[in-house]
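What follows is a single structure, written as structure tokens, with notes after it.
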Amino acid sequence: MAGLTQIEDIRRIEPAAEERPDADRPAVMVPVDRLHGLMQTLRDDQAFAFDMLLDHTAIDWHTDGDIEVIYQLFSTLHGQYVQVSAKVPRDNPVVPTVCDLWPIAQWQEREAYDLMGVLYDNHPDLRRLFLEDDWQGFPLRKDYTDEDMLERSK
Amino acid sequence: MGLLDTKDMKKGSGTVGGVAVSTVTVPRLKRHDTARDVGFSLKELGRGMKLTLGYFARPKTVVTSQYPENRDTLKLAERFRASLKLKYDDKGWHNCTGCGICERICPNNSIILTTRKGEVTGKKELDRYVWRMDSCTFCNSCVVACPFDALEMGPEFENAVYDRRLLIYTLNRYAGPAAKVLAKHEPEQHAAMMEPRDRFGGDTPLNGVAMPKVEPLKKANHNNEGDAS
Amino acid sequence: MTVTVHTLHDRISPPTGADSSLQTQEYLINMGPQHPIAHGSLRIILRMDGETIREVIPVPGFVHRGLEKMGENLTSLQFIHLTDRMDYLSALMNNWAVSKAVEKAAGIEVTQRAQYIRTIMAELMRLQSHALWWGVLGMDLGAFTAFLYGFREREVIGKILEETIGARLTMNYIIPGGVMSDLHPDFVRQTKEVLPYMKKMIDEYDVLLSGNVILQERLRNIGILSGKDAIGYGCTGPVLRASGVPWDLRKTEPYGVYDKVDFDVPVGSVGDNWDRYYVRMEEMRQSIRIIEQLIDNIPEGDIQTVKYGGRIKIPAGTYYDHLETARGVLGVTLVGDGTDKPYRIHLRSPNFNNLWVVTKLAVGWRIADIIAIQSTLDLVIPDIDR
Amino acid sequence: MNFVHILASAGGPGPKTFKVLTVADRALEAVNTNLWMTALYLLLAVLAVAGLIAFLGMSLIYMERKVAGHFQCRLGPMRVGPHGIFQTVADTVKLLLKEDIIPRDADQLMHLVAPFLSLTATVLVLMIIPYSPTLQIVDLNIGVLFVTAITGFGVLGILLGGWASNNKWSLLGGMRAGAQIISYEISATLAIMVMVLFSGTLSLSGIVQSQEAGWWIWRAPVVGLVGFILFLIASVAEINRTPFDIPEGESELTGGFNTEYSGMRFAFFFLAEFINIFTVAAITVTLFLGGWMPLHIGDFAGFNHAMDIIPPVAWFLGKTFVIIFIIMWLRWTFPRLRVDQLMHLEWKIMLPIGFANLLLGAVLVLFNFYFFP
């Protein structure tokens with residue numbers, strides 16, 4: 001049984017999904033309010049069966065004022081990969097959590113919160129992962145500055 | 001044998017992601033509820049004790065090397081990366097043209113090059129090649145990147161000092177052009193082209209702040225003769 | 001829409017069960033960051049009832065160095081030497097993962113010779129890593145002698161790697177386009193000598209620890225992880241395979257020259273500590289098998305296809321690539337913007353994803369069992385924190 | 001002469017008869033003649049024990065390190081003195097100079113007392129061990145009872161230390177130690193009881209003398225050997241050494257009861273552990289291996305005579321150090337048990353065997369069935 005990972009297959013269940021340009025594997029971008037529904041289908045529909053959340057991270061497109069969250073999914077049933085992403089505004093980056101679907105998302109999302117400041121709605125335990133609780137700012141954002149930061153001399 | 005039969009591997013094949021994978025299932029332990037299995041377990045404990053006693057009884061198997069005592073016989077791998085050196089030919093000339101590729105490729109700014117305009121040649125030449133061992137990660141990038149084969153890593157690893165400012169080295173023994181350029185000029189010109197440099201001389205930049213001049217450790221070790229270690 | 005953010009202080013609510021004098025009281029205990037089990041600095045807060053674990057709260061971050069931020073300010077060539085410092089026991093595979101992602105993004109071809117060298121080196125590294133893991137597991141369970149035997153074999157392989165690479169721990173050897181230096185003239189001979197020795201030593205490991213009934217009782221049927229849970233918790237590598245899922249990127253998506261060799265993927269049947277233990281033991285034997293098949297067939301040719309000092313431009317786009325390190329899948333997400341520095345680089349480290357399953361596995365077991373569970377998960381802390 | 005006969009008569013009666021004369025006896029004799037002599041004897045005894053502690057501490061720690069080193073393909077200490085023989089001295093000096101840290105919320109007094117308590121208990125046992133017929137400080141007629149009582153007392157120091165440190169790891173270690181030592185005490189005592197049955201005396205010196213015809217380990221048929229193994233395992237557990245070192249468990253409890261100790265008071269715990277190794281080895285030798293009795297084999301008069309030349313104290317120390325080596329060998333080979341497995345081993349395996357052994361021993365004694373009369 002071959003899995004479905006063509007963009008068209010995803011478009012069929014989620015018409016709002018667009019193909020994400022410049023990615024090296026099947027990649028879709030969805031509006032953030034459709035994200036959780038799509039992820040649920042991708043995991044539960046046996047035609048997709050993406051049972052493993054390989055990786056989750058966020059990218060700060062600060063010139064556009066967006067933060068993009070990226071999920072790398074893998075199906076151990078079909079051996080297919082898909083990359084799902086969504087863009088949220090930088091000043092209020094609220095994303096629905098997917099840790100009810102994949103347990104590992106709980107910590108991957110905490111990392112993204114800690115370093116990028118993405119807020120996950122309904123996350124049971126959203127707190128800093130690596131840094132202290134009272135850390136100011138989110139270091140992986142492009143405009144993050146710290147008085148102790150050293151610049152390369154050129 | 002005991003409870004574990006290491007030969008008891010079931011060859012099989014599994015499928016993951018639609019790909020058939022030849023697998024080997026690792027052995028499970030047998031249950032040990034019979035007296036015979038308890039006997040096997042005790043025998044295995046005995047085999048373990050025999051193994052350690054075997055090493056105890058054979059002092060030849062000791063692998064400890066007595067480091068400071070064995071300095072004379074200690075042989076490190078010739079490629080071992082412990083200190084950066086400029087290569088010198090038998091005339092004492094180096095190959096560095098001061099192009100700055102190593103400086104650019106160095107991930108943590110451990111190489112600081114200053115160049116000057118040569119008085120005789122009128123071209124850019126090396127003034128000081130400063131290597132900061134205190135921030136170097138010995139990643140070897142500079143050596144690989146150098147297009148003129150001017151650098152090498154050496155196995156001299158005993159570099160500990162009490163003051164970290166002493167870990168800032170000037171690698172070139174002379175300020176002046178590379179061997180290639182020197183060879184084109186008459187021997188009597190060489191003295192004018194080469195200005196000696198010592199290991200610790202001069203101001204050294206440290207995070208943009210000028211370093212105080214550091215006196216050499218010993219007068220005998222004043223210049224780079226045998227001092228690269 | 002507001003999202004509540006917690007703090008660690010909220011998370012550790014006061015212990016419960018203190019209302020009746022006849023009831024036992026739960027207490028919190030701080031395992032780490034300076035605990036011997038945290039091979040590095042990992043803090044684990046345990047909620048305990050007597051000797052029984054009720055809840056596990058890992059608190060990583062003590063060795064967080066901001067590798068990803070550094071990666072944004074370094075070229076991909078420069079970044080590779082930082083990956084040595086993540087999972088320092090599989091430094092070469094970390095190098096390879098980033099190189100592979102960069103090669104994929106920039107469209108760099110790698111010569112066959114370089115691929116052979118990479119594969120052999122990576123397998124030696126895996127062998128070395130597992131030998132050390134075996135020793136450390138012994139030490140965690142109280143058999144200190146095993147620790148030094150494991151280190152002894154690690155040293156033997158380390159010598160070979162050192163001859164060619166020039167470094168023992170932070171190798172920085174595999175770079176985009178090939179490898180940094182050619183094989184040492186003695187490399188093939190030494191490797192051939194060391195393989196039978198390693199085989200003998202792995203058999204000795206079986207005598208000293210695997211056959212030992214105390215160790216067997218410490219591992220058997222403890223910390224059982226089902227295949228479904230392992231996938232859900234994002235476990236990869238030997239942890240996943242011990243749970244019966246034979247997902248090994250060396251087989252399913254062969255990179256390097258893994259498609260040219262014949263080897264089996266060791267899998268477990270139950271997913272307990274013992275399976276995780278023995279899967280790694282068997283992986284060592286398979287690694288030897290792989291090296292034996294490759295060592296005589298290294299083709300001649302160049303080792304490097306791109307000029308090292310040059311700029312490798314990463315075209316705009318998002319790239320994800322991964323490979324199998326000694327501990328699992330190391331994924332690299334590379335976002336390029338057309339310059340030689342990545343716009344964003346994210347590392348999916350195997351240990352980060354393998355760690356969290358401990359919150360499920362250790363509950364209900366004793367404090368001595370979490371030691372065994374952590375040992376068989378084989379965590380390297382700098383890789384969690386990055 | 002068949003093999004069984006040789007075995008049975010091993011350690012048979014030698015030509016010498018030993019007259020037991022303890023330091024306490026001599027002191028008592030001197031009371032009537034010269035009181036100064038009594039005082040001198042008592043002072044000598046105290047000094048001898050102190051000297052013994054120092055010697056044992058140094059030598060056993062050095063031995064442990066060297067033995068461990070060679071088991072692990074290392075050399076062990078090599079720096080201080082030739083082959084590192086002064087390493088222990090250097091470490092003692094270091095420990096003396098170290099800051100003595102008491103945690104702020106610790107129970108100060110108990111924290112202070114615990115290591116001394118631990119050491120005292122072990123030192124008391126040194127007093128009654130018969131090192132040779134003429135080298136014993138006091139020969140208590142209830143010696144065995146004294147040994148069991150005092151070794152049980154030693155756990156108090158560990159428990160107190162664990163409790164007083166105000167550290168959860170220490171507390172866990174202390175509680176584990178309490179449970180473990182009390183449990184294994186039973187097995188050890190059961191094994192001792194068998195030997196008391198056979199020798200018919202509670203005095204340690206009397207037990208040694210009862211083995212003139214043959215060491216109990218083989219003279220008491222089967223029960224001697226079983227008792228020996230039971231006692232060895234139980235003793236290793238009682239002195240908290242791998243594979244039974246769960247109270248300390250440095251990789252799980254970060255050092256257990258002595259986590260919060262530093263400097264000299266840590267050294268006292270450490271010393272107590274090593275003196276303990278010696279005392280259990282010495283008791284094992286006294287009970288099962290004929291104490292200071294030389295090894296005699298049947299009718300080989302020449303061999304027996306040669307054995308007699310070696311002084312009894314050398315015999316005693318030789319046997320003791322063999323047992324100590326075995327204890328170290330166990331430590332450097334095996335992993336550690338889990339706390340519930342430890343209890344399982346004691347209560348479900350060793351205790352029934354111990355009781356059966358005692359019963360069998362009683363039957364054998366009743367019917368006077370020895371391998372050697």
Side-chain angles (χ1 to χ4, degrees), chain A residues 20-25 27 51-61 68 70 72 74 76 79 81 83 85 92-95 97 101-108 111-116 118-134 139-140 142 144 149 151-152, chain C residues 1-11 57-64 66 68-69 72-74 104-105 227-229 231-236 240 245 247 252-253 315-322 329 331 333-336 343-344 346-348 352-353 355-357 359-360 384-386:
Chain A
R20 189 184 186 283
D22 298 339
D24 63 337
R25 55 188 65 218
D51 48 2
M52 188 182 244
L53 176 61
L54 257 186
D55 196 10
H56 166 55
T57 188
I59 304 166
D60 181 18
W61 299 105
E68 184 179 8
I70 291 192
Q72 308 281 359
F74 173 65
T76 54
Y81 294 89
Q83 175 185 307
S85 60
N92 184 27
V94 180
V95 178
T97 181
L101 305 175
W102 297 279
I104 186 63
Q106 192 180 335
W107 298 281
Q108 291 179 346
E111 190 194 347
Y113 162 69
D114 189 6
L115 302 177
M116 203 62 105
V118 186
L119 295 165
Y120 291 90
D121 199 19
N122 283 331
H123 191 288
D125 181 26
L126 188 66
R127 60 189 159 91
R128 295 261 184 193
L129 184 69
F130 295 138
L131 307 176
E132 292 101 48
D133 285 331
D134 56 352
L140 277 185
K142 289 280 177 185
Y144 175 82
M149 270 168 83
E151 287 287 323
R152 265 180 77 85
Chain C
M1 191 158 44
T2 53
V3 177
T4 335
V5 175
H6 299 272
T7 61
L8 184 60
H9 190 263
D10 307 341
R11 185 75 175 79
I57 308 170
V59 184
F62 289 87
V63 241
H64 179 66
E68 292 170 11
K69 187 79 177 176
E72 291 172 11
N73 297 309
L74 295 172
K104 187 175 175 187
K228 198 167 175 298
D229 278 340
I231 292 170
Y233 275 87
C235 296
T236 46
L240 179 66
V245 184
W247 191 42
T252 54
E253 297 158 43
T318 310
Y319 309 92
Y320 175 83
D321 209 346
H322 53 195
V329 172
T333 306
L334 202 61
V335 181
Y343 183 77
R344 169 98 170 87
H346 177 72
L347 301 154
R348 179 224 185 266
F352 178 83
N353 292 275
L355 163 70
W356 303 101
V357 79
T359 57
K360 183 185 170 64
I384 297 171
D385 292 349
R386 302 196 295 290

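Throughout, protein chains are lettered first and strands after them, A, B, ... in sequence-line order, and every chain is numbered starting at 1.
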Given that the side chain runs from C-beta out, which part of [X] has a heavy atom under 4.5 Å from chain C: side chain, backbone, both or neither?
X         : answer
Pro124(A) : backbone
Tyr113(A) : side chain
Gln106(A) : neither
Leu131(A) : side chain
Asp60(A)  : backbone
Ala105(A) : neither

Output the option from [options] having the highest count of non-hydrogen pairs under 4.5 Å with chain A.
options                                    : answer
Asp321(C), Val335(C), Asn353(C), Val357(C) : Asn353(C)
Gly234(C), Gly232(C), Pro315(C)            : Gly232(C)
Tyr343(C), Phe352(C), Phe62(C)             : Tyr343(C)

*Name the orientation class of the two ring planes belonging to Tyr120(A) and His56(A) (parallel below 30°, tilted from 30 to 60°, perpendicular beyond 60°).*
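It falls in the perpendicular class, over 60°.
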*Checking Ile57(C) against chain A: side chain, backbone, both or neither under 4.5 Å from a heavy atom?*
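Only the side chain of Ile57(C) comes within 4.5 Å of chain A.
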*Contact origin within Lys360(C) toward chain A - heavy atom pairs under 4.5 Å*: neither
*In plain terms, say whether Arg344(C) and Glu68(A) are close enough for a salt bridge, that is, a side-chain N and a carboxylate O under 4.0 Å apart.*
no
_Can you confirm whether or not the ring centre of Tyr81(A) sits under 6.0 Å from the ring centre of His322(C)?_
yes
